[in-house]
Amino acid sequence: MKRLFFTVLVVMCSTAAHAEKIKAPIHIGIGVAQTSNVALFGEEQVNGAKVAEAVFNAKGGINGTPFKLVYQDTGGDEAGAINAFQNLINRDKVVGIVGPTLSQQAFSADPIANRAKVPVLAPSNTAKGIPQIGEYIGRVSAPISFIAPFAVKYALQENPKIKKVAILYAQNDAYSTSETGTFQESVKKQGLEIVTTQKFQTTDSDFTTQVTAVLGAKVDLAVISGLAADGGNLVKQLRQMGYKGLIVGGNGFNTANVFPVCGKYCEDLIVAQAYSPAVIDTNPMNKEFVTEFRKKHKKDPPQFAAQAFTAVQIYVEALKKVEVNTKNKITQLDLATVRTELNKAIRTGSYKTPLGEISLDKEGEINQKNFYVSRIKMEPNGKSGKFLNVK
Amino acid sequence: MTTAQFLQNLLNGISIGSVYAIFALGYTLVFSILGIINFAHGAVFTLGAYLTYAMAVGQFGINGLLSGLSIPVQLPFPVALLLGCILSGLVSVLIERLAFRPLRNRGGDALLALVSSLGVALVTVNAIQYFVGSEIYSFPPEIYGDIKPAITFSISESVVVIRTVQVIIFGVCMAVLVSLGFLIARTRFGKALRAVAENPATASLLGISVNRFILYTFFLSGFLGGLAGSLVGTSFGVAGPYFGVTYGLQGIAVIVLGGLGSIPGSVLGGIIIGLIEAFVPPDYSAYKEAVSFALLFLILMVRPQGLLGQSQIQKV
């Protein structure tokens, strides 16, 4: 009897899931790290997504149907991401998910969404193999390989006498280790000599030993791949202990979070960027995003916020395409159909986003054309600063 | 390793080690009175850094309930630091009243107190995030006055550079250690504290209010935790609500290494762990904690009571 009851229940549930029509507002899931030590990035993503929700709903949502972002905290680990994804998929009945924050989390949580045939757009996963997890997985965060060479070339332009280079990278961070590989290649291609390679951890805060090694090697350029807290501290300690040469920072430095860490010592740091809040004249969508973000937070949006905004924007535009393709309002379709159609629609056409014009290929990998190199200019009080575009 | 490198590592190790020492003393004080490890100590460390920051700099970022808040009045750094430490001490007292005393009064197992302190730690850390988000906050370098960022001196033709802030931190820690030693060894207050640690029942028969001295102990412990957090904050920045977690673990390694409940042991343990960390080559910095815990393990095999602990633990 009990077994019969369960069978009936299971059948009811599964048919319910298939037949269920979508109700307004349409749910889009945001599964990022709102707690744990990754929350620093998750908070930026939430801020960006919230601006997208306000901007696109004010423009009429999906052809008149409003949408709502549903948040589930993933925390900083794999278990949290799996939990959050399951809640978004089964309980919140989202049409698609933006998340998770870390690549490690993606490798465990994305397969769940893929099996449930729910589209995922990664706003910040840059590791190799993310789009290859499955046909429902895509990303708007470009892998680093394109960006790094520009920054090194720019440093050489600034100081053509550079000969010796120090490489420093966070060895426990997948992104930084892959980024430093690209950096090292492009340094060698420019005919420069790597005289010291120093490793550190994203959790380190004391870099005296690394800095001593760099000072001892008498280099003219230091290239750092790390995240805001560790990287910023490293820059600060390099300068405090008397390093005078140029410093190139990887994409992890592309956040205003780095300003309070190195303070006045951030000055002139060269940063490779996948997003720039300074490019607004040629990019109306970025102008709108930056304006709205500034109105709310009184500072320029960081890259993570821009990428989260972009992911939501792609969902909104792709949902509109679904309405065209199926000749139906989203609210007349059932959930499973919308999820499948949405996944197809995401991969067609291009999007004019704050990151510039981008598209996703069949596999879900991003095609992004615009990358930037900036230098940091700090305000005289040393508390806050700006990224000034140089390329 | 050249003499200069050796000296450099030595100075680095002593500086961070002295912070570990005062932080670990907070654990030791509570342990010597109650026989338990107060897991909320790491959270008080974090909170202390935020409190000092709020009073000395007072500018908050874009996340959390207090987003965009800018406190108009900023105190000179030494005053802010002192107030931050006192407030951390009071928070620690509050933790004793809420998480420890009720369980003690009901004769709860020591393990329960451990769990409830772990709970307090989680709540505190999450509350910090709720209020100020997980952004990084940094003290501007000028808080210590108009000083050179680094001190340079040469030895046998090579140059040794040490950050001035490290020297200051070391000085502050030493001053605190000496005064604490004096307080405990030479004053009536210290005698009473030692009596309570030795045997609470006898102490109360002698007219010492045990509960009051437990509160004093928690105050001191919180004061030291807040001080350690603030000092680390001025050197490396306050890297989010979770930044006390690693220090919390290191602190436990320090007290176990030095000998549970031993004050000189905590100081020695702190300096040793600091030195080990400094002497691990940067390429292997990932294994810093592994190395210090491996050494801890080795020492415990030979001396289960820790370096300066006594087999029958004599408290304080």
Side-chain angles (χ1 to χ4, degrees), chain A residues 33-44 46-47 76 168 170-172 196-201 203-213 215-216 228-230 232-233 236-237 239-243 255-265 293 296-299 381-384, chain B residues 2 4-5 8-9 11-12 15-16 57 59 61-64 67-68 125-126 129-130 133-142 148-150 152 158-166 232 235-243 245-246 274 277-289:
Chain A
Q34 290 171 270
T35 59
S36 87
N37 53 355
V38 192
L40 179 65
F41 308 110
E43 279 174 351
E44 292 185 349
V46 167
N47 291 339
L168 302 110
Q171 58 179 344
N172 63 335
T196 175
T197 306
Q198 297 289 324
K199 300 167 198 162
F200 56 90
Q201 306 289 305
T203 46
D204 282 351
S205 43
D206 188 347
F207 298 99
T208 352
T209 24
Q210 286 92 336
V211 172
T212 313
L215 291 178
D230 46 319
N233 254 315
K236 173 166 126 185
Q237 290 170 35
R239 291 296 187 210
Q240 282 186 330
M241 292 173 70
Y243 174 71
T255 162
N257 274 324
V258 78
F259 300 145
V261 186
C262 42
K264 64 177 181 184
Y265 300 107
F293 194 95
K296 217 169 154 197
H297 300 301
K298 315 224 161 22
K299 70 177 188 182
N381 65 13
K383 279 179 190 149
S384 150
Chain B
T2 64
Q5 273 171 342
Q8 179 100 52
N9 289 342
L11 292 171
N12 289 338
S15 173
I16 190 70
V57 186
Q59 281 182 337
I62 65 171
N63 292 300
S67 61
V125 165
N126 282 292
Q129 190 185 0
Y130 182 72
S134 30
E135 284 160 76
I136 304 159
Y137 294 106
S138 246
F139 293 91
E142 307 85 66
K148 280 209 304 194
T152 315
S158 43
V159 184
V160 179
V161 190
I162 179 161
R163 292 164 67 219
T164 319
V165 57
Q166 286 180 300
V232 170
S235 179
F236 306 129
V238 185
Y242 297 84
F243 102 116
V245 175
T246 22
E277 288 196 354
F279 276 96
V280 171
D283 272 13
Y284 301 97
S285 77
Y287 307 110
K288 255 188 338 205
E289 273 116 44

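Chain naming here is simple, since letters A, B, ... match the order of the sequence lines and numbering starts at 1 in each. Basis for what follows: all heavy atoms, side chains included, without hydrogens, waters or symmetry-related copies. Note that the structure is a prediction, hence the values are computed from the model and not measured.
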- Sub-3.5 Å donor-acceptor pair from the side chain of Glu277(B) to the main-chain atoms of Asp206(A), do we have one? no
- When rounded to the nearest 0.5 angstrom, what is the spacing between CZ in Phe293(A) and NZ in Lys299(A)? 7.0 Å
- Can you say whether Phe236(B) sits under 4.5 Å from chain A via the side chain, the backbone, both, or neither, judging by heavy atoms? both
- Task: Measure distances from Thr212(A) to the heavy atoms of chain B and classify the residue's part below 4.5 Å as side chain, backbone, both or neither.
- Result: side chain
- Item | Under 3.5 Å donor-acceptor, Ser134(B) side chain and Gln129(B) backbone | no
- Using non-hydrogen atoms and a 4.5 Å limit, figure out which bit of Gln8(B) sits close to chain A: side chain, backbone, both or neither. side chain
- Bottom line for Asn172(A): the part with an atom under 4.5 Å from chain B's heavy atoms is neither
- Item | side-chain hydrogen bond (donor to acceptor under 3.5 Å, both in side chains) assessment of Gln198(A) paired with Thr196(A) | CA-CA 6 Å; Gln198(A) 297 289 324; Thr196(A) 175; 2.9 Å; yes
- Residue from Pro241(B), Ser67(B), Ala278(B), Pro149(B) scoring the most non-hydrogen pairs under 4.5 Å with chain A is Pro149(B)
- Task: Sort Ser235(B) into side chain, backbone, both or neither according to what part of it lies under 4.5 angstrom from a heavy atom of chain A.
- Result: backbone
- Is a side-chain N or O of Tyr137(B) found less than 3.5 angstrom from the main chain of Gly61(B), in a donor-acceptor match? yes
- Query: Is it the backbone or the side chain of Lys264(A) that comes under 4.5 Å from a heavy atom of chain B, or both, or neither?
  - Reply: side chain
- Query: Based on non-hydrogen pairs under 4.5 Å, which of Lys296(A), Lys298(A), Gln210(A), Arg239(A) is most in contact with chain B?
  - Reply: Gln210(A)
- Note on the structure: So, the part of Asp230(A) with a heavy atom under 4.5 Å from chain B: the answer is neither
- Note on the structure: In short, Thr255(A) meets Glu44(A) closest at the heavy-atom pair OG1-OE2, 2.9 Å
- Message: Less than 4.5 Å to any heavy atom of chain B: does that hold for the side chain of Asn257(A), its backbone, both, or neither?
- Response: both
- Query: With a 4.5 angstrom heavy-atom cut-off, which part of Lys288(B) approaches chain A: side chain, backbone, both or neither?
  - Reply: side chain
- Query: Donor-acceptor pair, Tyr242(B) side chain versus Ser36(A) backbone, under 3.5 Å?
  - Reply: yes
- Hey, does the side chain of Glu135(B) reach the backbone of Asn63(B) with a donor-acceptor pair shorter than 3.5 angstrom? yes
- Message: Please classify the contact of Gln59(B) with chain A as side chain, backbone, both or neither, using a heavy-atom distance under 4.5 Å.
- Response: side chain
- What pair of heavy atoms forms the shortest contact from Gly237(B) to Ser138(B), and how long is it? CA-OG, 3.7 Å
- Item | Heavy-atom pair with the smallest gap, counting every atom of Val161(B) and Ala150(B) | CG1-CB, 3.8 Å
- Task: Answer with side chain, backbone, both or neither: which region of Thr197(A) has an atom nearer than 4.5 Å to a non-hydrogen atom of chain B?
- Result: backbone
- Task: Check each atom of Phe259(A) against the heavy atoms of chain B and say whether the ones under 4.5 Å are side chain, backbone, both or neither.
- Result: neither
- Checking heavy atoms, do the side chain of Gln201(A), its backbone, both or neither come under 4.5 Å from chain B? both
